[in-house]
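In what follows, a single structure is set out as structure tokens and then discussed.
Computed over heavy atoms, backbone and side chain alike; hydrogens, waters and symmetry mates excluded. All values derive from a computational prediction rather than experimental measurement. Chain letters run A, B, ... following the sequence lines, proteins first and then strands; every chain starts at 1.
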There are 2 protein chains.
Amino acid sequence: MTEAKTDPRILRTRKLIMDSFIDLSSKKEFKDITIKDITTEAMINRATFYYHFMDIYDLLDKALTEVLLVNLNGKEYENSELNEKTLVSLFTAITDFQTSLSTRCHRGYEDTIARIIRDQLEVIFFRMLERQHPEEVEEGLKLSATMLSWGLYGASMEWRRSSDSVSPEEFIRAAIPFIQNGIGN
Amino acid sequence: MTEAKTDPRILRTRKLIMDSFIDLSSKKEFKDITIKDITTEAMINRATFYYHFMDIYDLLDKALTEVLLVNLNGKEYENSELNEKTLVSLFTAITDFQTSLSTRCHRGYEDTIARIIRDQLEVIFFRMLERQHPEEVEEGLKLSATMLSWGLYGASMEWRRSSDSVSPEEFIRAAIPFIQNGIGN
DNA sequence: TCCGATGTGTTGGATATCCAACATTTCAGC
DNA sequence: GCTGAAATGTTGGATATCCAACACATCGGA
């Protein structure tokens with residue numbers, strides 16, 4: 001299994017940094033958060049920050065990914081089918097995530113957030129497709145996963161834009177027949 | 001000034017250990033808390049624990065002292081007189097501290113707790129007496145501080161024992177004339 | 001324009017922490 | 001009693017973190 005076991009100091013320090021960053025994010029805008037702020041809050045040296053992250057954007061990226069994964073892992077898609085229930089669950093997880101972000105202040109980084117969401121969705125979709133269609137070539141499954149991730153993300157954008165307050169569940173259900181059966185002809 | 005500046009890793013690790021211990025104390029009895037429990041929660045190695053503390057009793061001691069000092073430091077007795085107001089404030093700080101402990105589970109360690117409270121009270125009393133009576137010899141001030149600390153602690157025990165729910169303020173005020181003016185003859 | 005102040009990154013040597021292994025103690029269960 | 005499992009302490013070598021110093025970029029005010 002090639003289990004590599006990362007040093008616990010690394011796990012602890014990353015957690016301290018990420019927690020501090022998430023905590024600060026609820027108090028200041030991202031652009032006003034300095035690396036010194038983070039390291040002071042985390043009680044670690046500034047040099048240590050650079051041992052773990054390229055720069056503050058790298059941290060933003062990894063912290064958001066982490067938070068999103070927490071949102072998603074609660075649902076454990078590992079062994080579930082790509083069916084209506086799963087799609088609804090994924091969609092609400094995304095809308096929840098974005099709602100939680102809107103209270104913090106990450107304005108101006110929508111593109112970063114979008115990429116992170118799509119990346120994680122793509123991984124999840126690909127795993128599911130691989131399990132459900134072992135006979136297909138990886139190429140096609142990969143591309144399908146990509147398109148599904150873009151599609152679902154786009155749907156979440158559309159849901160936010162729509163002023164009528166329909167629930168995420170209802171909203172996405174309208175599209176599910178097309179996802180499952182294709183557009184036909 | 002001989003400022004020695006302790007390594008921030010030491011401060012951070014001690015804080016992690018103490019916080020974990022205090023957290024665990026609210027979930028288990030002290031006798032059921034193992035050092036592995038603490039180090040796991042704190043995300044530090046067991047060997048590191050022994051770098052900072054002799055054993056778990058040493059930790060108990062220092063953690064309780066820390067908590068008590070937080071209770072007391074809010075009042076900053078550094079520059080205040082040893083008058084009625086200060087005495088009432090000290091007394092309520094002690095009763096508050098003991099009440100907070102009774103929710104956690106430190107039964108069987110009353111003597112440790114008592115010693116910690118008396119030690120800290122003695123330091124505070126001595127500093128005040130030294131400032132108010134610079135002409136007196138240290139010997140007498142020290143002993144007075146000792147007796148005051150035992151006395152105030154004893155009063156807090158008596159307050160807890162008394163079933164009639166009189167407030168700490170009222171309770172201690174009854175003794176203040178004797179403290180301030182002596183027993184006379 | 002220039003300047004001081006503040007933030008970003010980087011580096012080499014010092015040190016706190018980790019790990020694995022070990023001996024010892026405690027204690028529940030047979 | 002005995003025995004295995006779990007907890008307590010201890011150690012020497014490996015590694016993550018700290019520190020002080022440095023160069024560079026940014027920026028608001030004289």
Side-chain angles (χ1 to χ4, degrees), chain A residues 1-25 27-64 66 105-109 112, chain B residues 1-25 27-64 66 105-109 112:
Chain A
M1 295 294 194
T2 68
E3 39 194 290
K5 269 222 219 178
T6 68
D7 192 302
R9 282 172 287 187
I10 290 183
L11 298 175
R12 188 214 307 138
T13 300
R14 289 212 177 121
K15 178 170 162 49
L16 286 172
I17 292 176
M18 290 218 186
D19 287 354
S20 301
F21 176 61
I22 290 173
D23 193 44
L24 282 172
S25 293
K27 298 175 190 159
K28 295 185 179 191
E29 294 209 30
F30 175 74
K31 70 176 178 50
D32 293 331
I33 296 176
T34 168
I35 291 178
K36 188 93 194 67
D37 290 342
I38 298 167
T39 57
T40 301
E41 173 98 7
M43 299 180 79
I44 58 129
N45 191 276
R46 203 163 54 84
T48 306
F49 176 91
Y50 291 103
Y51 184 90
H52 294 279
F53 303 96
M54 297 273 302
D55 52 30
I56 203 170
Y57 300 100
D58 187 30
L59 170 60
L60 173 65
D61 202 303
K62 287 174 173 148
L64 289 179
E66 185 72 23
C105 298
H106 293 296
R107 268 185 286 279
Y109 299 92
T112 301
Chain B
M1 294 293 192
T2 68
E3 38 194 289
K5 267 222 221 181
T6 68
D7 192 302
R9 283 173 286 188
I10 290 183
L11 298 174
R12 188 213 309 139
T13 300
R14 289 212 175 120
K15 178 171 163 50
L16 286 172
I17 292 176
M18 291 216 184
D19 286 353
S20 301
F21 174 62
I22 291 173
D23 193 45
L24 282 172
S25 293
K27 298 175 189 157
K28 296 184 180 193
E29 294 209 30
F30 174 74
K31 70 175 177 49
D32 294 330
I33 296 175
T34 169
I35 292 177
K36 189 91 193 70
D37 290 342
I38 298 167
T39 57
T40 301
E41 172 98 6
M43 299 180 80
I44 58 128
N45 192 276
R46 203 162 53 84
T48 306
F49 176 92
Y50 292 103
Y51 184 90
H52 294 279
F53 303 97
M54 298 273 303
D55 52 30
I56 203 170
Y57 300 99
D58 187 29
L59 170 60
L60 173 65
D61 203 302
K62 287 175 173 149
L64 289 179
E66 185 72 22
C105 299
H106 293 296
R107 267 185 288 278
Y109 299 92
T112 301

query = Looking at side-chain heavy atoms only, is the closest gap between B:R12 and A:L16 below 4.5 Å?
reply = yes
remark   = B:Y50 meets the ring pair (Phe, Tyr, Trp, His ring centres under 6.0 Å) criterion, sequence neighbours left out, with none
ask   = A:R9: what forms a side-chain hydrogen bond (donor to acceptor under 3.5 Å, both in side chains) with it, not counting sequence neighbours?
value = A:D7
query = Of all residues at least two apart in sequence or in a different chain, which pass the side-chain hydrogen bond (donor to acceptor under 3.5 Å, both in side chains) check with A:D58?
reply = A:K62
key: Heavy-atom side-chain proximity of B:T13 to B:I17 below 4.5 angstrom   = yes
query = side-chain hydrogen bond (donor to acceptor under 3.5 Å, both in side chains) with A:N45: which residues, sequence neighbours excluded?
reply = none
task = Send over the distance from B:I38 CD1 to D:dA7 P, rounded to a whole Å.
result = 12 Å
key: Protein proximity profile, nucleotides 9-19 of chain D - base contact B, sugar-phosphate-only contact S, no contact -, cut-off 4.0 Å on heavy atoms   = BBB---BBBSB
key: N/O (side chain, B:T34) to phosphate O (OP1/OP2, D:dA6) under 4.0 Å   = no
task = Measure the acute angle between the ring planes of A:Y57 and A:Y109, then classify it against the limits of 30° and 60° as parallel, tilted or perpendicular.
result = tilted
query = Under the salt bridge (Lys or Arg N to Asp or Glu O under 4.0 Å) rule, what pairs show up with a residue in residues 36-55 of chain A, not counting sequence neighbours?
reply = A:K28-A:D37
note = note: A:D58, atom CG; C:dT8, atom P; distance rounded to Å ~ 14 Å
ask   = Looking at five pairs on each end of the helix from C:dT1-D:dA30 to C:dC30-D:dG1, what is the angle between the two axes, given to 10 degrees?
value = 40°
Rounded distance in Å - NZ (A:K36) to C1' (C:dA5) = 16 Å
